[in-house]
Protein chains: 2
Amino acid sequence: MSNNFTGKKKLTSGPIPVYYQLQKELKKYIEDGVWVPGEPIPSSRNIAETYDVSMGTVQKAVANLEKEKYIYCVQGKGTFVGTTAINKESIRYTLLREDFEGNDLQFKIKLIDIDKVDGFQPANRFLEIAKSEALYRIKRVFVSGSGPVVYAISYLPCSMFEGFEEKATKRLSRTTMYEAIEMEYGLPTVKNKELFSIALADEETAKVLQIQKGSPVLFVEMLSSTYKEQPYEYRLGYWQTEKRKLYRELI
Amino acid sequence: MSNNFTGKKKLTSGPIPVYYQLQKELKKYIEDGVWVPGEPIPSSRNIAETYDVSMGTVQKAVANLEKEKYIYCVQGKGTFVGTTAINKESIRYTLLREDFEGNDLQFKIKLIDIDKVDGFQPANRFLEIAKSEALYRIKRVFVSGSGPVVYAISYLPCSMFEGFEEKATKRLSRTTMYEAIEMEYGLPTVKNKELFSIALADEETAKVLQIQKGSPVLFVEMLSSTYKEQPYEYRLGYWQTEKRKLYRELI
DNA sequence: GCTCATTTGTTCGTATGTATC
DNA sequence: TGATACATACGAACAAATGAG
């Protein structure tokens with residue numbers, strides 16, 4: 001449950017709405033990791049008494065945070081910190097389709113290897129860490145039906161993910177990167193930025209995707225962030241789009 | 001302003017929340033085009049009296065519709081039907097960047113030509129119209145800085161856009177397709193579906209993009225929809241990604 | 001620049017409904 | 001069954017922005 005959430009707390013009585021101040025206070029507990037994904041936050045009544053505001057005001061702050069996907073409410077049970085898996089259907093990186101009709105195609109993820117490498121540009125710049133900081137490099141291939149579709153190389157700052165090899169290796173062959181990171185480090189994914197372009201397959205990519213060296217492939221660079229716009233993963237994706245295409249929806 | 005919004009209207013008193021019923025009623029006025037983009041809807045007090053509910057209930061229905069981008073509220077002024085331009089920064093099709101850093105790059109749109117063509121598959125299937133229905137075909141090129149970046153071919157159902165040539169030709173050289181369609185036909189864009197893959201430039205594409213015939217290009221198929229998931233534009237985009245890439249954010 | 005009617009925004013207090021355990 | 005939790009709804013008061021006079 002919760003912790004050190006006792007005693008009266010005060011909000012200022014200036015021009016900023018009370019519900020908004022409260023909303024920011026609650027958000028801070030989540031972003032600072034005091035309240036962690038999947039766990040309940042204090043009850044509405046508890047919050048109302050603690051901050052000496054009406055239930056309606058708490059309700060408004062809570063409703064807003066729910067819309068922002070920071071939390072989710074279950075009537076009669078409680079209010080819980082949001083998780084990527086539950087909230088963000090839209091944020092999934094890999095969505096395969098043949099066409100606009102029909103559903104997403106299933107795929108399996110195979111882990112190729114994980115190792116530590118020296119930091120490099122532009123990765124370290126995008127990840128907002130020093131040039132010299134080391135990175136975990138995770139190579140994976142996404143297989144759908146007949147063959148390989150995506151070759152993905154992810155880079156994570158070693159400093160943010162201590163012991164990643166041991167903790168995540170088992171998970172990564174059964175689950176996505178998001179889930180692994182959220183489970184092991186409590187960091188939900190909040191935002192993904194993507195850049196789409198064309199690349200020519202180098203020897204390694206060609207081998208993994210079972211295509212000719214030098215064939216054109218769809219090249220997707222991705223930068224994933226967690227709370228406070230903190231980037232944590234830089235990923236290079238090489239897509240073989242002969243049979244399956246990358247699908248996105250904008251709403 | 002509004003119209004035929006007088007007299008008492010009733011909501012059922014069943015298990016469905018009043019605010020939700022009201023929300024759907026208001027949405028219907030918008031989807032049916034009774035209230036059009038940019039115009040004000042009746043005042044909250046007016047709505048509260050008309051449906052015989054409290055202001056709080058109206059506020060909740062209105063707030064939800066605002067989050068859904070159906071409307072936007074201006075304190076002291078009124079509540080207005082949403083427009084694509086104002087609401088949907090995220091839905092813009094063409095976002096150019098060199099990198100994750102920096103801002104979106106500017107570009108100009110040049111209209112190549114507009115004509116009427118016979119319907120064809122898969123376009124007519126995606127647009128949910130009969131095989132035989134004719135289409136408007138709009139060819140445009142997007143130019144950024146040094147040269148052409150995107151060659152876009154759009155298909156619109158002639159039946160939905162009577163007189164498109166006359167109405168839109170002037171607009172299309174200065175504005176986006178969204179704006180042109182919203183201005184002339186009152187249809188805001190609500191959703192975009194996209195499929196990313198690789199294509200090889202045919203003679204026409206190569207000429208427009210000033211590249212070699214047969215060069216690989218980023219191929220983006222897009223299907224835009226308005227209210228009620230009604231598709232209205234099928235677009236093929238050929239991207240030359242040497243210097244500028246296609247940028248997307250998922251939140 | 002000021003006042004005033006209109007409109008949306010905020011907050012409280014209270015009561016009742018409904019899901020969970 | 002009862003205690004707890006969130007959800008809905010009302011009414012009232014005041015705040016803040018807008019635009020007209």
Side-chain angles (χ1 to χ4, degrees), chain A residues 1-2 5-6 8-26 35 38-82 86, chain B residues 1-2 5 8-26 35 38-82 86-87:
Chain A
M1 227 262 281
S2 72
F5 191 75
T6 49
K8 295 287 181 188
K9 295 183 198 301
K10 279 221 294 191
L11 300 171
T12 69
S13 57
I16 304 157
V18 179
Y19 79 89
Y20 189 73
Q21 293 179 53
L22 179 57
Q23 193 175 318
K24 286 219 315 198
E25 285 266 326
L26 301 180
W35 299 339
E39 292 292 302
I41 72 172
S43 76
S44 302
R45 177 167 295 133
N46 185 336
I47 295 172
E49 284 165 2
T50 301
Y51 288 94
D52 202 29
V53 296
S54 76
M55 286 287 290
T57 301
V58 176
Q59 228 281 323
K60 182 148 187 173
V62 165
N64 286 344
L65 289 174
E66 189 172 24
K67 294 249 161 106
E68 286 185 47
K69 308 286 191 184
Y70 267 73
I71 56 180
Y72 62 95
C73 307
V74 182
Q75 188 176 158
K77 206 173 172 187
T79 299
F80 306 81
V81 180
I86 290 170
Chain B
M1 225 265 280
S2 74
F5 191 75
K8 295 286 182 188
K9 297 183 196 301
K10 280 222 292 192
L11 300 171
T12 69
S13 57
I16 304 159
V18 179
Y19 79 88
Y20 189 75
Q21 293 179 54
L22 179 57
Q23 194 176 317
K24 287 218 315 198
E25 286 265 326
L26 301 180
W35 299 338
E39 292 293 302
I41 72 172
S43 77
S44 302
R45 178 167 291 127
N46 185 336
I47 294 172
E49 283 166 3
T50 302
Y51 287 96
D52 202 29
V53 296
S54 75
M55 286 288 291
T57 302
V58 177
Q59 229 279 324
K60 181 147 188 172
V62 165
N64 286 343
L65 288 175
E66 190 173 24
K67 290 256 157 104
E68 287 185 49
K69 308 284 191 182
Y70 266 73
I71 57 181
Y72 62 96
C73 307
V74 182
Q75 190 177 153
K77 205 171 173 188
T79 299
F80 305 81
V81 180
I86 290 170
N87 298 325

Using whole Å, what does the distance between atom P of nucleotide C/dT11 and atom CE of B/Met55 come to?
16 Å
If you find the nucleotide of DNA chain C closest to A/Ile16 and the one closest to B/Pro15, which residue's nucleotide is nearer the 5' end?
A/Ile16
Nearest whole angstrom, please: distance from the P of C/dT7 to the OH of B/Tyr72.
17 Å
Whole angstroms only, please: what is the OH-C1' distance between A/Tyr20 and C/dT10?
15 Å
To the nearest angstrom, how far is A/Lys60 atom NZ from D/dA9 atom P?
16 Å
What do the steps show when you test B/Tyr20 against B/Asn64 for side-chain contact (heavy atoms from CB on, under 4.5 Å), and what is the final call?
CA-CA 9 Å; B/Tyr20 189 75; B/Asn64 286 343; over 6 Å; no
Minimum-distance pair of heavy atoms, taken over all atoms of B/Pro42 and B/Phe5
CG-CD2, 3.4 Å
Please determine if a side-chain N or O atom of B/Gln75 lies less than 4.0 Å away from the OP1 or OP2 oxygen of D/dT18.
no
Report the nucleotide, chosen from C/dT11, C/dG9, D/dA9, that has the shortest atom-to-atom distance to any side-chain atom of A/Tyr19.
C/dT11
Counting the atoms with a prime plus P, OP1 and OP2 as sugar-phosphate, which does A/Val62 contact under 4.0 Å by heavy atoms, base, sugar-phosphate, or nothing?
nothing
Within the structure shown, what part of the strands sits under 4.0 Å from A/Gly56 by heavy-atom distance: base, sugar-phosphate, or nothing?
nothing
Given atom CG of A/Asp52 and atom P of C/dT11, what is their separation to the nearest angstrom?
13 Å
Find the distance between CD1 (B/Ile41) and CD1 (B/Ile47) and round it off to the nearest 0.5 Å.
4.5 Å
Show, in sequence, the C-alpha distance, side-chain angles and deciding distance for A/Phe80 and A/Glu39, and conclude whether the side-chain contact (heavy atoms from CB on, under 4.5 Å) test is met.
CA-CA 5 Å; A/Phe80 306 81; A/Glu39 292 292 302; 6.0 Å; no
Residue mapping more 5' on DNA chain C - nearest nucleotide basis, A/Lys77 or B/Val74
B/Val74
Rounded distance in Å - OH (A/Tyr51) to C1' (C/dT10):
19 Å
With A/Tyr51, which of A/Glu25, A/Lys8, A/Lys9, A/Lys10 fulfils side-chain hydrogen bond (donor to acceptor under 3.5 Å, both in side chains)?
A/Glu25
For atom CD1 of B/Ile71 and atom P of C/dG9, their distance in whole Å
9 Å
Counting only side-chain nitrogens and oxygens, does A/Thr57 get under 4.0 Å of the OP1 or OP2 atom of C/dT11?
no
So, is B/Ser54 near the phosphate of D/dA9, with a side-chain N or O under 4.0 Å from OP1 or OP2?
no
Looking only at the side chain of B/Gln59 (C-beta and beyond, no hydrogens), which of the listed nucleotides C/dT10, D/dC6, C/dT11 gets closest?
C/dT10
Of C/dT8, D/dG11, D/dA5, the nucleotide closest to the side chain of B/Thr79 is C/dT8
